[in-house]
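Working notes for the structure below.
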Protein chains: 2
Amino acid sequence: MQGREFKDAMYDGLAKLMKALANPARLEIIEMLAQGEKSVEGIVQATSLTFANASQHLQVLKNNNIVKSRKEKQYVFYSIINDEFLSLYQHVIKYAVQEIAELEKTLNRQREDNKASNSVSLDELETMIHNKNVLLMDVRPSAEFEFDHISGAISVPMKELLCCLKDFSKEQEIIAYCRGPFCVLADEAVRVLSEKGFKVRRLDEGYPEWKIRQLEKN
Amino acid sequence: MQGREFKDAMYDGLAKLMKALANPARLEIIEMLAQGEKSVEGIVQATSLTFANASQHLQVLKNNNIVKSRKEKQYVFYSIINDEFLSLYQHVIKYAVQEIAELEKTLNRQREDNKASNSVSLDELETMIHNKNVLLMDVRPSAEFEFDHISGAISVPMKELLCCLKDFSKEQEIIAYCRGPFCVLADEAVRVLSEKGFKVRRLDEGYPEWKIRQLEKN
DNA sequence: CAAGTATTCAATAGTTTTATTGAATACAAT
DNA sequence: ATTGTATTCAATAAAACTATTGAATACTTG
């Protein structure tokens, strides 16, 4: 194999991988699957995609070694293929929100809006934990909670949330958090819980921002 | 801003970034610029692109905050925008050659073809350099060496390698490196030198990977 | 100022990607 | 077997991307 031939093969292959990531619908699917496996139906419900379209995008992701699938009964469950990809994806996100002005601005505006709604800031959280009887709920997958979490939090992964409802009091104030403003888990938790009549708000930031604060304190 | 609106803005922006990377010609340009700044002409000479086409791709990269340019006399020099992007790019490459079977195979076949199988890792290099009886040889073009290089290396560009053979001892162990797994220069150097009876191996990675390590140490 | 060089711009045709539509499977439950 | 449900397949038109071409700029040098 000559040098030119080799380069072409490598750059074509690399471009193929990047192309698989170069679509907003597929990125949303990836973000969703980063939080745990989901059936095609689950993805359709959480996005504005049609069944056929979601399935098509999933095929693209599968053919590019980004997701894997398993079949159970008549359902097909998709998930991120491995932790290496997850780590790469998180690196991309981190770069994008830190270095791309446009995205940084969008994210900050969203944070402002969250504050304007009734989300709780890290500062407020601190005083609330001192004074009141609040329940701090980490809704990320349990593996992430076990790795590290905001001190005082309990782990209630999204997929277990519905079965655990009876364990919580409707008198107690609940604060839900996940990975940050980009993560949709906390929003979902707030929606589900408030529909059921709980007093629940979300933390406007998430675990990574809390961690950074802790490090800054030292 | 509603949740849906926010998501669309974020995923569209993210997809825009990935699209800028989703093209083999642009990836080759990035790989080249990762080794130091280059004029448009420099890029045209090293690739099979036309002037207009190279310029167009550079505009795309510039509009997506991947490269920056400066003008000197009538020349425009392009370079990677910052170390954060370089680190992200390295992560992508590392993921691709480790996790994508097709690319891994292509890369390994290339390495086999160049008989560079017993390569040296960056870790090994560090301990070898302590023992002092090793010659670290940078076989990239001298411009790239002058821009920056692994500390302790000497510059022996490929095209000068054959005329300089008499300067080296066959007793001394030689380690050749270039730009990383994609770069074929080191493989060629190893082939040429071992044919002549020198004790030579290649570094399995290259300058960009070393640079990233240095940055991580701080 | 004129000529030369490096780079960019603008238009375009060919190619690829995308969402949509309407079937076609594959499997489970009855 | 028949029905119902979840998913995939196949075809297609619209949109986006790409390389090519032939100018147009911008800057330097003489």
Side-chain angles (χ1 to χ4, degrees), chain A residues 4 7-9 11-30 32-33 36-64 66-79, chain B residues 4 7-9 11-33 36-64 66-79 143:
Chain A
R4 187 71 253 167
K7 280 186 191 171
D8 284 346
Y11 292 124
D12 284 354
L14 216 45
K16 193 163 162 278
L17 171 65
M18 301 320 282
K19 271 183 185 145
L21 300 177
N23 176 283
R26 285 199 289 275
L27 288 168
E28 187 170 5
I29 290 174
I30 290 170
M32 203 166 306
L33 295 183
E37 72 169 13
K38 278 213 164 41
S39 68
V40 181
E41 186 172 31
I43 288 163
V44 167
Q45 282 171 356
T47 62
S48 53
L49 299 173
T50 63
F51 250 92
N53 200 6
S55 178
Q56 251 175 335
H57 283 307
L58 284 164
Q59 298 315 306
V60 174
L61 293 175
K62 197 175 170 184
N63 292 334
N64 284 278
I66 293 169
V67 307
K68 59 181 190 241
S69 65
R70 76 180 173 85
K71 203 158 188 179
E72 187 183 311
K73 298 194 175 179
Q74 70 265 58
Y75 303 92
V76 178
F77 290 94
Y78 284 88
S79 55
Chain B
R4 185 71 255 166
K7 281 187 193 170
D8 284 346
Y11 292 123
D12 284 354
L14 217 45
K16 193 162 162 282
L17 172 65
M18 302 320 282
K19 270 184 184 139
L21 300 177
N23 176 283
R26 286 199 289 275
L27 288 168
E28 188 170 4
I29 290 174
I30 290 170
E31 175 71 31
M32 205 165 307
L33 296 183
E37 72 170 12
K38 277 212 164 41
S39 68
V40 181
E41 186 172 31
I43 287 163
V44 166
Q45 282 172 356
T47 61
S48 53
L49 299 174
T50 64
F51 249 91
N53 199 9
S55 178
Q56 252 174 336
H57 283 306
L58 285 163
Q59 299 314 307
V60 174
L61 292 175
K62 196 176 172 183
N63 292 334
N64 283 280
I66 293 169
V67 307
K68 60 180 189 247
S69 65
R70 77 182 173 85
K71 204 159 188 181
E72 187 182 312
K73 299 193 172 179
Q74 69 264 58
Y75 303 92
V76 180
F77 290 94
Y78 284 89
S79 56

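The figures here come from the full heavy-atom set of this structure, side chains too, leaving out hydrogens, waters and symmetry mates. The sequence lines fix the lettering, A, B, ..., with proteins before strands; numbering per chain opens at 1.
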Q.
Can you tell me which nucleotide in dA19(D), dT8(D), dA11(D) comes closest to the side chain of Asn23(B)?
A. dA19(D)
(Q) Would you say that Gln56(B) contacts Val60(B) through its side chain, given a criterion of any heavy-atom pair below 4.5 Å between the two side chains? (A) no
**Q.** Phe77(B) versus Ser39(B), closest heavy-atom pair with distance
**A.** CD2-N, 3.6 Å
Q: Measure the distance from CZ on Phe77(B) to P on dC27(D) and round it to the nearest whole Å.
A: 15 Å
Q: Determine whether Leu49(B) and Ile29(B) make a side-chain contact, defined as any pair of heavy atoms from C-beta on separated by less than 4.5 Å.
A: yes
Q. At under 4.0 Å, does any side-chain N or O of Gln59(A) touch on OP1 or OP2 of dT8(D)?
A. yes
**Q.** Protein-nucleotide distance (Gln56(B), atom CD; dA13(C), atom C1'), rounded to Å
**A.** 14 Å
**Q.** Length of the line joining Asn63(B):CG and dT8(C):C1', which is rounded to integer Å
**A.** 13 Å
Q) How many Å lie between CD on Glu41(B) and P on dG4(C), as a whole number? A) 17 Å
Q | Rounded distance (Å) that lies between atom P of dT16(C) and atom NZ of Lys16(A) | A | 14 Å
Q) Within the structure shown, what part of the strands sits under 4.0 Å from Phe51(A) by heavy-atom distance: base, sugar-phosphate, or nothing? A) base
Q) Roughly, in whole Å, what's the span from CG in Leu49(A) to C1' in dT7(D)? A) 15 Å
Q: For Leu27(B) and dT18(D), give me the distance from atom CG to atom C1', rounded to whole Å.
A: 15 Å
Q) Quick one: is dC17(D) close enough that its OP1 or OP2 comes under 4.0 Å of any side-chain N or O from His57(B)? A) no
Q.
Any heavy-atom pair between the side chains of Phe51(A) and Glu41(A) that's under 4.5 Å?
A. yes
Q: Measure from the side-chain heavy atoms of Tyr75(A) and tell me the nearest of dT7(D), dA26(C), dT7(C).
A: dT7(D)
Q. Is Tyr78(A) touching bases, backbone alone, or none of the nucleic acid, heavy atoms closer than 4.0 Å?
A. sugar-phosphate
Q. Using a cut-off of 4.0 Å on non-hydrogen atoms, how would the nucleic acid contact of Ala52(B) be classed: base, sugar-phosphate, or nothing?
A. base
**Q.** Nearest-Å distance for atom pair CD/C1', residues Gln74(A) and dT3(D)
**A.** 13 Å
Q. If each of Asn53(B) and Lys19(B) is mapped to the nucleotide of DNA chain C with the nearest heavy atom, which maps nearer the 5' terminus, i.e. the 5' end?
A. Asn53(B)
Q) Any side-chain heavy atom of Ile66(A) sitting closer than 4.5 Å to one from Leu17(A)? A) yes
